[in-house]
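Here is the structure we will look at, set down as structure tokens.
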Amino acid sequence: MNDFDIIVVGGGHAGMEAASSCAKLGARTCLVTLDENRLGDMPCNPAVGGIAKGHLVKEIDALGGIMGKITDTAAIQYRRLNTRRGPAVRATRAQVDRHMYVRNMVNFAASLKNLTVIRGEVTKILTENSIFSGVELGDGVKIHAVLGVVTTGTYLNGILHTGSDITPGGAAGMPQSTTLSSSLKFLGATITRLKTGTPPRLAASSINFDAMEIQPGDETVRKFSFYGPENSLPKIDCYMTWTNEKTHELITDGFEIAPLFNGQIHGTGPRYCPSIEDKVFKFPQRPRHHLFLEPEGLDTDWYYPNGVSTSLPVSLQLSFLRSIKGLENAEIRRPGYAVEYDSADSRDLYRTMETKYCPNLFLAGQLNGTSGYEEAAAQGLLAGINAFLKLRNMEPFIVERYEGYMGVMADDLVTRGTDEPYRLFTSRSEYRLSLREDNADERFTPYGREIGLIDDNAWRIFSEAQELLAREKLSLSTIKIPKNAMEDVCEILNVSNPDRGMTVSELLKRPEIAYSDLIKNGIIDSSLPQHLGERLESIIKYEGYLSHQEKEIGRLRKVKSVKIPKDFDYSAVSGLRVEWIQKLEKVKPENLAEVLAIPGLAVAAITAITAHMRNISIKPVEN
């Protein structure tokens with residue numbers, strides 16, 4: 001008999017989402033981690049959310065995950081980003097007390113009755129008849145289970161670089177995992193080498209905040225969780241300052257001893273979150289770069305200087321920091337460093353996060369080549385849900401690109417892969433107007449309820465919100481402002497008079513009018529909470545665009561319905577080029593929609609595959 005149903009390896013953001021979802025759904029779950037007191041640790045920035053990342057956190061919460069709720073219990077500042085731009089790209093970001101976040105995550109794990117947490121290092125994946133069967137720990141103990149989810153982050157053969165100092169480890173103060181990478185490679189994983197990094201941590205007492213630009217949080221708190229508790233912690237300001245020509249001169253003079261440039265580091269670093277030395281090297285024409293001073297918590301004097309990630313020698317880190325306004329007397333609590341680690345090729349996965357080379361083995365998080373807590377957590381939740389569904393012999397849970405950013409990310413990773421740490425952006429989605437932060441509950445909570453992760457209270461909150469929205473939308477579409485009253489209304493709103501009567505919905509479609517303007521000026525009386533009012537405004541203003549996207553999505557659903565057998569022989573299809581066949585055999589698409597997503601394939605490939613399927617009597621199967 002198996003010791004457990006599901007084993008999760010790694011207690012970071014991906015591991016905690018995977019383990020908690022499996023345990024909440026009723027699976028006997030084991031979480032193996034190097035330190036049970038650092039669950040959900042934040043080894044880099046003490047923040048959650050941001051552009052597209054905030055969208056992911058909302059989707060995780062709407063589906064029944066935990067990141068949004070834990071964030072709200074530890075948030076010490078909230079900011080709404082891109083408020084002057086369209087609703088598709090508006091995003092939430094929170095500074096968190098990283099120590100409180102971990103404590104709350106540890107306490108949450110302890111509350112899950114189906115979860116057993118074991119301290120240890122997994123050194124080997126066990127298989128039986130080439131199918132996952134368990135793991136072996138460094139002390140020789142073997143733990144058996146039906147399925148496994150590996151979420152090792154940056155720990156596989158992790159090496160920390162600070163100047164010429166090279167230290168084994170996956171993060172500061174934590175050891176590396178030395179043999180698990182070889183075990184995965186033996187099973188069939190393609191292993192590559194990536195790099196990420198973190199800035200030095202500074203003592204608050206050594207920072208002159210008065211010389212910097214204050215960055216306060218929003219007065220109106222916009223929490224992440226649709227269904228979790230309200231945030232009640234004190235709020236702390238952040239600050240902004242800039243590098244300068246002297247800073248860049250000091251960094252440039254250190255290029256010869258920089259691990260990033262002298263051949264010491266071989267892994268590929270993140271394009272969208274480069275180190276300060278990389279920014280100075282690649283953009284010599286820029287006289288300055290901004291950095292944000294972010295508190296690491298309420299009860300610590302550590303500050304995180306966001307924007308100056310570095311692996312330069314400690315003495316040089318201190319020199320260039322002290323050339324920056326407000327940091328003239330800066331003291332380093334912990335030097336910055338780069339971490340180089342093994343990563344598995346994500347093209348070896350199905351969109352469920354299950355590996356193609358070892359049935360019942362799932363991979364999630366930075367191990368798959370992504371960067372960021374949020375991307376990791378979303379993969380962990382997908383992997384956990386699908387591991388449980390497979391345990392119960394149920395249909396897998398696949399998120400399509402048009403359904404959510406989780407689907408965009410999963411599809412990008414599986415079909416395109418990545419040769420650098422992958423970061424999600426709203427620009428990666430073709431349907432971003434439909435995939436807003438505010439409607440993540442509409443898109444995912446019904447799925448979460450069906451799977452079993454959304455409890456009765458959350459479902460009640462969701463249902464009531466939907467009823468309020470439907471009622472208000474109907475009301476605005478039926479209240480008509482007559483022509484003789486329109487002049488007064490337009491004068492109050494300070495907009496041009498259309499010289500005709502119209503419904504309130506038609507009035508709200510005008511770009512210069514907000515839903516809040518109608519309430520503030522007494523034109524309508526609404527009981528909708530502010531966040532639902534903003535959602536309703538987006539629905540009404542962009543109704544035409546959303547309708548057009550829905551038609552496109554409908555066409556994609558039809559293509560998705562055409563299933564491709566797992567043993568389909570692409571070499572037998574007349575008209576397919578050799579390179580197309582190679583890509584198709586590598587990706588193993590499950591339907592024609594996935595064929596469309598493979599880079600480098602022309603529409604002719606779809607035509608050829610469809611014709612061949614008809615010839616061998618494979619008919620479309622409607623979902």
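Positions are given from 1 along the sequence. Everything numeric in this text was worked out from a predicted model, so none of it was measured.
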For [X], does the [atom1] atom sit with more than 12 other heavy atoms under 6.0 Å from it, leaving out its own atoms?
| X | atom1 | value |
| --- | --- | --- |
| Glu552 | CD | yes |
| Asn457 | CG | yes |
| Glu512 | CD | yes |
| Arg460 | CZ | yes |

Would you confirm whether [X], through its side chain, and [Y], through its main-chain N or O, come within 3.5 Å as a donor-acceptor pair?
| X | Y | answer |
| --- | --- | --- |
| Glu537 | Tyr515 | yes |
| Asp411 | Gly407 | no |
| Glu17 | Ala377 | no |
| Asp455 | Ala458 | yes |
| Thr370 | Ala376 | no |
| Asn497 | Cys490 | no |
| Asn439 | Arg436 | yes |
| Gln366 | Tyr373 | no |
| Lys223 | Asn231 | no |
| His55 | Ala88 | yes |

For [Y], is there an ion pair with [X] - N to carboxylate O distance below 4.0 angstrom?
| X | Y | answer |
| --- | --- | --- |
| Arg222 | Glu534 | yes |
| Arg443 | Glu403 | no |
| Arg423 | Glu375 | no |
| Glu594 | Arg351 | yes |
| Asp412 | Arg401 | yes |
| Asp517 | Arg510 | no |
| Asp218 | Arg80 | no |
| Arg449 | Asp456 | yes |
| Arg90 | Glu437 | no |

For a side chain to side chain donor-acceptor pair (under 3.5 Å) check, start with the C-alpha distance between Thr445 and Tyr227, then their side-chain angles and the critical distance, and finish with the verdict. CA-CA 10 Å; Thr445 294; Tyr227 313 117; 2.7 Å; yes
Do [X] and [Y] have side chains that get closer than 4.5 Å, going by heavy atoms?
| X | Y | result |
| --- | --- | --- |
| Ser346 | Val414 | no |
| Tyr405 | Val399 | no |
| Leu518 | Ile513 | yes |
| Arg432 | Val408 | no |
| Ile539 | Lys473 | yes |
| Met406 | Leu382 | yes |
| Val562 | Ile564 | no |
| Leu453 | Ile385 | yes |

Between Val489 and Ile492, is the side-chain contact (heavy atoms from CB on, under 4.5 Å) condition met? List the steps. CA-CA 5 Å; Val489 169; Ile492 292 171; 5.6 Å; no
Under the salt bridge (Lys or Arg N to Asp or Glu O under 4.0 Å) test, which residues partner Glu450, sequence neighbours left out? none
Just to verify, what does Glu550 make a salt bridge (Lys or Arg N to Asp or Glu O under 4.0 Å) with, not counting sequence neighbours? Arg557
Would Glu464 and Leu469 satisfy side-chain contact (heavy atoms from CB on, under 4.5 Å), going step by step from the backbone distance to the final call? CA-CA 9 Å; Glu464 289 176 355; Leu469 280 168; over 6 Å; no
If you round to the nearest 0.5 Å, how far is [atom2] of [Y] from [atom1] of [X]?
| X | Y | atom1 | atom2 | result |
| --- | --- | --- | --- | --- |
| Ile76 | Leu298 | CD1 | CG | 5.0 Å |
| Glu374 | Lys53 | CD | NZ | 4.5 Å |
| Tyr402 | Gln549 | OH | CD | 13.0 Å |
| Lys390 | Glu354 | NZ | CD | 3.5 Å |
| Ile454 | Asp441 | CD1 | CG | 9.5 Å |

Under the criterion salt bridge (Lys or Arg N to Asp or Glu O under 4.0 Å), I'd like the reasoning laid out for Lys563 against Glu590: C-alpha separation, chi angles, the key distance, then a yes or no. CA-CA 6 Å; Lys563 303 292 185 181; Glu590 297 181 21; 6.0 Å; no
Working for side-chain contact (heavy atoms from CB on, under 4.5 Å), residues Leu584 and Phe568: CA-CA 10 Å; Leu584 287 162; Phe568 189 79; over 6 Å; no
Centres of the Phe425 and Tyr272 rings: under 6.0 Å? yes
How about Phe209 and Tyr303: are their ring centroids closer than 6.0 Å? yes
Worked verdict on Gln215 versus Asp237 for side chain to side chain donor-acceptor pair (under 3.5 Å): CA-CA 6 Å; Gln215 297 283 301; Asp237 294 325; over 6 Å; no
Whether [X] and [Y] hold their rings parallel, tilted or perpendicular, with breakpoints at 30° and 60°:
| X | Y | value |
| --- | --- | --- |
| Trp242 | His290 | perpendicular |
| Tyr78 | Phe224 | tilted |
| Tyr447 | Phe397 | perpendicular |

Is it the case that Arg428 places NZ or CZ above or below the six-membered ring of Tyr422, under 6.0 angstrom from the centre and within 45 degrees of the axis? yes
Side chain to side chain donor-acceptor pair (under 3.5 Å) between Ser225 and Asp72, intermediate numbers included: CA-CA 7 Å; Ser225 180; Asp72 288 335; 4.7 Å; no
Apply side-chain contact (heavy atoms from CB on, under 4.5 Å) to the pair Met502 and Met486, showing each step before the final yes or no. CA-CA 8 Å; Met502 59 173 56; Met486 187 59 70; 3.1 Å; yes
Go through Glu442 and Arg535 one step at a time and tell me if the salt bridge (Lys or Arg N to Asp or Glu O under 4.0 Å) criterion holds. CA-CA 11 Å; Glu442 295 179 16; Arg535 186 192 307 191; 2.7 Å; yes
Under a 3.5 Å threshold, yes or no: a donor from one side chain and an acceptor from the other, between Asn368 and Gln379? yes
